[in-house]
Amino acid sequence: MADKKKLLLLDGSSLAFRSFYGLLDLNRFKNQNGLHTNALFAFNRILERLFQTEEPTHMLVAFDAGKTTFRTEFYDEYKGGRQTMPSELAEQWPYFKVLIEAMGSKTYELPNFEADDIIGTYARQAEKEGFEVVIITGDKDLTQLATDQTRVDITVKGVSDLKAYTPESIREEMGIEPLQIIDLKGLMGDSSDNYPGVRKVGEKTALKLIKEYGSVENLYEQIDSMKKSKMKENLVADKENAFLSKRLATIDLDTPVEMELNQLTLAERDAEKLVSFYREMNFNSFLNDLDHTEDDRSDSFEEIVYEAVETITEDHFSNEMALYVEMLEDNYHYGKIVAISWGDEKHLYTGKAEVVLQSDEFKNWAEDQSKKKSVYDAKRTIAMLHYAGIELKGVTFDMLLASYIINTNDSGRDIAAVAQEYQYTDVSFDETVYGKGAKIAVPEDNAILFEHLARKVQAILKLKTQLITELEKNNQYDLYFEMELPLAMVLAEMEITGIKVEPEQLEKMKVEFSKRLEEMEQQIYEEAGEEFNVNSPKQLSVILFEKMGLTPIKKTKTGYSTAVDVLEKLSVTVPIAQMILDYRQLAKLQSTYVEGLLKYIKPETGKVHTRYIQTLTQTGRLSSTDPNLQNIPIRMEEGRKIRQAFVPEKEGWKIFASDYSQIELRVLAHISGDEHMKEAFIEGQDIHTSTAMRVFGIENPKEVDGNIRRQAKAVNFGIVYGISDYGLSQNLGITRKQAKEFIDRYFEKYPGIQAFMERIVEEAKEKGFVETLFHRRRYLPDIKSSNFNLRSFAERTAINSPIQGSAADIIKVAMIRMQKAIKEKNLQAKMLLQVHDELIFECPEEEVAILEELVPQIMENAVDLTVPLLVDSNYGDSWYDAK
DNA sequence: TGGTTCACG
DNA sequence: ACGTACGTGAACCAC
C-alpha cells in the first residue's frame, strides 16, 4: 500500500451526461428488458480506466441533488432553459449508483448544493490532510479548484480523452491563476448555466481584463480611470450582473457535508454485485474481463462431475438426455467434429470425436427416435452428425431456438451468452476456452475441453424447464414446438440435399464478363482522363466531383455518394456516369455471383449447400449464407442468366418453383380487416390496379395504364413498410407534397388500413412489443423514445413486423407440411430452397403434374385467413427456366 | 472493422 | 423541425 493518500472526486452528473452523448448508440446498447445501457457502459469504462491509471486510495462520486440549489435562491434563472434529460438517460440514472457502489466507491448528493460544491469542499479538506486530489468532470468551471495538490481533469470529446489542468497549465494556457477563473466567468457569463455576465464581453475580452485588473472587484474599483469606450459603458451598465455571475460561478468550499474523509476510503470491488449488475445490463465483455482477472476462474464455478469415456457402452445412454457436438468452424458442411458430450441429471459423458463417432452404441442411441435429445442448435447438430454418418433423430428441445423465440436478440453461437441471459453462468464462453481470431484452437489439455463441453450439456439440462415455462407464459409454446423445431429438421434436410450448380455455365460467363469489364474499364479511364480504381467510391468521387467538377447530389457519412440514384441523375450530363453504372452491375455479377458461387461448389457432388440462419432476423424470416441463395439476380436479364447454372441433380429432372402472390398485402388485408382491400383479394382483382382505381378515382380498369399502376404499386409497398411521404416521394421521384396527397387519399379509401396502423402503434406502446399471427414477438423499446428518429423507426417497425413476420410464419408452416407430404406420398421430389415467399424443388418429370397440384394446395391452405392465398407455379430445366 | 454499394424478397 | 421507406448477405475499399 502506498503511503501517499490519493482522493479521486468525480462529478457524477456531468460524467453521466458525457457518457450518454459520447456513446450515443441507442440501438446497440440495450439489455434484454429493453433498457438502454449506453451511458452505463461508457461510465463503467471511465471507472475502470481511472482505477488503473490513478490508483486512488479514497474516492467519491458526487451528484447534483435536484433543480433548486442555493444559487437558484438568489438567481432563479440559474440553469434555466435547459433541456429536460432524455428519457433514455433518465431510465439509466438509478443504476449509476448501483455500479459505483459495486466498484467500492461512495456516492453522495446534498440537497441545495451541486456536485461542484461537494467536490470543492472535500478537495479542500483533503488538501489540508496532505492528500493528493484528482477531480474528473466535464465542466470547465471546476478548474478553479486546481492547486499544487489538486489536479482537475476535464473530458475532451466524449469521455475517452481527459485533459489535465494544473495551476501551471492554466497559467501557461490562459495566463491567469485558477481562482481567477471565477472572475473570468463573472465577466463573460455562462450560456449553458444561463447567467449573463457583461454584454459583448466574451472569453478573449474577459481574459484581457482579468490579466490587467486581477479581479472583478479590482476592476470596478479602478473603472473610473479606464479610457472612455463602448466596453467601459457596458461594464458600468452590467456591474450588477458581473458580481452576480461571479457569485454564481464560485464553488462553495464549505458545504455541510456529512461524511468524514476517512469514510471515503475506497473499498474492495464487490465482485458478486458487479457480476449481477453486468449480467442485468448484458455487459458480456466486462463480465469476461472480470473472469480473467479472477486468480482461479474455475473457482467461481460449481464443481462438475463428468466421465471422460474411452469405450462406450449401452449404459452410457438413457431415454432423455442432452447432447452437444463441438466443432470450431462456423460452416458445419465443411468443418470437423472435435468432441462430443452428452448426459442427463445423473451422469455427464464426454469423448473425443474419434471415439464417439466410431461407437455403434452412440449411433444406435442417436438414430433412435424414441430416445429424446435436448440440444443447442438442432439444425447444426443434425448436419454435423450427418456428415459423420449418423442420422440424428428424436430431437425434442433446442435451447438456441427457444431463446431466439423468446428474444430475437439471442442468436449467437455461444451457449454461454444465451445461458447468461437466464442468469446461468456455470459455463465458459467459447472465446475463453478456444481463443479468438487466428489463434483459435482446441486446448491441448483434453480435460479443459471435456469439462467445457460437459458444462454446455449441463447448461442445456438446467435451462430447459425455465425456457419452456417462458414460452408458455408468452403463448409461444405452439410457435416453438409446432413450427420452429420441426422446421429445423426440414431445413437441415434441405441444406444437406443442396442444389446442383453447373460450373461450366459460370466459367463461360466468367471469361466473357472479364473481357467486357476490361473494355469498360478502359473506356472509363478515357472519359476520366486517368486511371483509377473504379471499385473505390472514394477515388470515384474525387474524379467526378473534384476533377470533373460535377455537383454532388447526396452525401454519405464519409463523403459524397456515388450510389445508383446519384449516377442516374449525373448520366444526363456526362457519359461516364452510365458507364460506371454498367461497370458496377457487371462487376457485381462477376465477383459475387459468378466467382463467388464457383467457390462454393463441392467438387465431389457439384452441389452448393447454403446455411439457413433460423435465429437471426428480427421478423422471423430466414436468412441464407455461405452462399446466400436468397439474393440470386432475377430483375435484370443479364443477371438472371446466373440461374441457368442452377439445375436438377439428375438427368431428366426439372426445377419446380412455387411462389405466393402478394402474400404481404394479403396478410395486411387479413389483420387490418379493411373491407375494400379484402374485397379486392376475394374477388381476385389485381391489387395494384384496384388500388390505382380507388386512389386515383378511375372507374374502368382498362384506363389504368402502366405508369398509374406502378405508382399504386409503390404506395402499396410503402404501406407495408410503414409509409412516410418522404420515402414514397424518393421512390417515385415525385414531390413530398404529391406523395402526401397519395397517402391521404389512400387512407381515405382504405380506412381500415389507417385504423390498423394507429392500433398497432398504440399496442406496441402499451405492451412494448408487437406480434405475428403465430405469436412471434418483436420488442420495440424505442417506441416511447424522445428521439424523433428512433421513435419513428420503431413505429414503422411496429407496422411492418407483424406483416413481414406473419408471412414468414405462413411459409414455414407450408414447408413443414410439404416435407411431410413428400414423405407420405413417397415422392422422389426434393425441396431445395426457400426465398421468403417461394419454394424451389427438383423432381422427376413425371412428378411435375403432382407437384402442380400438391404444392399450391399446401401453400394456399397453410393458414386460414379472411382472404384467399394464391400461389403461382412454374417449372423448367433450370432455375432460370422455372419462370 | 466500418462504410458503401448492390443483389434479393 | 427533425430525416426515413421493411428485412437480409457479400464484395470491396480504407483505416
Side-chain angles (χ1 to χ4, degrees), chain A residues 25 28 408 411 437 532-541 554-567 580-581 583-597 599-600 610-613 616-636 638-640 642-643 659-664 668 714-732 736 739 743 770 778 785-805 807-808 811 833-839:
Chain A
D25 187 344
R28 195 149 74 86
T408 47
S411 58
F532 67 103
N533 186 345
V534 188
N535 285 319
S536 160
K538 202 178 165 192
Q539 292 184 34
L540 177 61
S541 89
K554 222 171 52 175
K555 273 200 241 176
T556 65
K557 277 182 195 167
T558 51
Y560 297 125
S561 169
T562 64
V564 196
D565 51 326
V566 173
L567 290 176
I580 288 165
L581 284 171
Y583 176 89
R584 277 206 187 142
Q585 205 178 52
L586 203 63
K588 178 86 174 180
L589 289 180
Q590 180 78 316
S591 68
T592 306
Y593 297 105
V594 177
E595 293 172 350
L597 213 45
K599 280 185 244 163
Y600 286 102
T610 186
R611 275 151 48 231
Y612 290 104
I613 313 288
L616 183 141
T617 70
Q618 297 298 310
T619 55
R621 275 189 176 182
L622 301 175
S623 85
S624 156
T625 178
D626 294 330
N628 180 357
L629 295 182
Q630 291 183 318
N631 71 346
I632 302 300
I634 189 165
R635 292 173 194 171
M636 308 294 286
E638 183 134 65
R640 192 176 195 155
I642 300 279
R643 293 178 178 228
D659 69 293
Y660 281 111
S661 157
Q662 309 295 351
I663 188 168
E664 292 193 346
L668 174 61
V715 178
N716 277 330
F717 266 99
I719 294 292
V720 170
Y721 294 153
I723 202 156
S724 75
D725 51 6
Y726 180 86
L728 184 63
S729 73
Q730 287 292 301
N731 190 293
L732 279 177
R736 263 177 89 153
I743 295 166
V770 289
R778 179 163 187 182
S785 168
S786 62
N787 179 313
F788 175 87
N789 283 329
L790 289 177
R791 191 177 61 249
S792 301
F793 184 53
E795 286 170 2
R796 293 196 294 272
T797 311
I799 294 164
N800 176 263
S801 290
I803 302 171
Q804 193 184 112
I811 197 167
L833 303 173
Q834 187 250 46
V835 190
H836 308 307
D837 65 355
E838 66 176 323
L839 295 177

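Below, chains carry the letters A, B, ... as their sequence lines are ordered, and counting in each starts from 1. Just so we're clear, the structure is a prediction, and the values are computed from it rather than from any experiment.
- The side-chain hydrogen bond (donor to acceptor under 3.5 Å, both in side chains) check on A:Arg791 picks up nothing, with sequence neighbours excluded.
- Under the 3.5 Å distance criterion, with hydrogens and angles disregarded, no donor-acceptor pair is assigned to the side chains of A:Thr617 and A:Ser623.
- With pairs defined as Watson-Crick or G-U wobble and both atom distances under 3.5 Å, the stems of at least three pairs that touch DNA chain C come out as B:1-9 with C:6-14.
- A:Ile803 comes within 4.0 angstrom of nothing in the nucleic acid, heavy atoms only.
- Between the CD atom of A:Gln585 and the P atom of B:dC8 there is a distance of 9 Å, rounded to whole Å.
- Remark on DNA chain C: of its neighbouring residues A:Ser792 and A:Ser591, the 5'-side contact belongs to A:Ser792, judged by nearest-heavy-atom nucleotide.
- Every pair passing side-chain hydrogen bond (donor to acceptor under 3.5 Å, both in side chains) that includes a residue from residues 585-594 of chain A is listed here, sequence neighbours excluded: A:Tyr593-A:Asn631.
- For A:Asn789, the side-chain contact (heavy atoms from CB on, under 4.5 Å) partners two or more places apart in sequence, or in a different chain, are A:Asn787.
- A:Lys554 places its NZ atom 11 Å from the P atom of B:dT4, with the value rounded to the nearest Å.
- The salt bridge (charged side-chain N to carboxylate O under 4.0 Å, His left out) search around A:Glu638 returns A:Arg516, not counting sequence neighbours.
- Residue-level contact check: A:Val720 touches neither bases nor backbone, having no heavy atom under 4.0 Å from any strand.
- As judged by a 4.0 angstrom heavy-atom cut-off over every strand, A:Leu728 is placed among the base-contacting residues.
- Residue-level contact check: A:Gln618 touches the backbone only, with heavy atoms under 4.0 Å from sugar-phosphate atoms and none from bases.
- Atoms CZ (A:Arg584) and P (B:dA7) sit 10 Å apart, rounded to a whole Å.
- Residue contacts for A:Glu838: at a heavy-atom cut-off of 4.0 Å it reaches no nucleic acid atom on any strand shown.
- Counting only distance, with no hydrogens or angles, the side chain of A:Ser801 and the backbone of A:Thr619 share no donor-acceptor pair below 3.5 Å.
- Among the protein residues, A:Asn789 comes within range of the sugar-phosphate backbone only, with heavy atoms under 4.0 Å from sugar or phosphate atoms but none that close to a base.
- The residue A:Gln730 sits apart from the nucleic acid: no heavy atom pair falls under 4.0 Å.
- Nucleic acid contact class of A:Ala794 (heavy atoms, under 4.0 Å, all strands): none.
- A:Tyr560 is linked by a ring pair (Phe, Tyr, Trp, His ring centres under 6.0 Å) to A:Phe545, counting only residues two or more places apart in sequence or in another chain.
- Checking B:dG9, B:dC8, B:dC6 against the side-chain heavy atoms of A:Pro633 singles out B:dC8 as nearest.
- In this structure, A:Gly718 reaches the bases: a heavy-atom distance under 4.0 Å links it to at least one base atom across the strands shown.
- Ranking B:dA7, B:dG9, B:dC6 by closeness to the A:Asp837 side chain, first place goes to B:dG9.
- Within residues 623-631 of chain A, the residues that place at least one heavy atom under 4.0 Å from DNA chain B are, in residue-number order, A:Gln630, A:Asn631.
- Heavy-atom contacts of chain A under 4.0 Å fall on DNA chain C between two terminal nucleotides, which in 5' to 3' order are C:dC2 to C:dC15.
- Between the A:Arg778 side chain and the A:Ala798 main chain, no donor and acceptor come within less than 3.5 Å of each other.
- Considering only residues two or more places apart in sequence or on other chains, A:Arg621 meets the salt bridge (charged side-chain N to carboxylate O under 4.0 Å, His left out) condition with A:Glu664.
- Straight-line distance between the P atoms of B:dT4 and C:dT4: roughly 12 Å, to the nearest whole Å.
- Among the atoms of the strands shown, base atoms are found under 4.0 Å from some heavy atom of A:Arg736.
- Within the 4.0 angstrom heavy-atom criterion, only backbone atoms of the sugar-phosphate kind lie near A:Leu616; the bases stay farther away.
- For the pair A:Tyr583 OH and B:dC6 P, the computed distance is 13 Å after rounding to whole Å.
- Listed by chain and number, the residues in a side-chain contact (heavy atoms from CB on, under 4.5 Å) with A:Asp565 are A:Lys554, A:Ala563 (sequence neighbours excluded).
- Going from atom NZ of A:Lys588 over to atom C1' of B:dC8 covers 10 Å, rounded to whole Å.
- The salt bridge (charged side-chain N to carboxylate O under 4.0 Å, His left out) test applied to A:Arg736 returns A:Asp725, not counting sequence neighbours.
- Not counting sequence neighbours, the partners of A:Arg611 by the salt bridge (charged side-chain N to carboxylate O under 4.0 Å, His left out) test are A:Asp626.
- Atom CD of A:Gln662 is separated from atom P of B:dG9 by 13 Å (rounded to the nearest Å).
- If you check every strand for non-hydrogen atoms under 4.0 Å, A:Lys538 touches sugar and phosphate atoms only.
- Comparing A:Glu595 and A:Thr617 by the nucleotide of DNA chain C whose heavy atom lies nearest to each, the residue mapping closer to the 5' end is A:Thr617.
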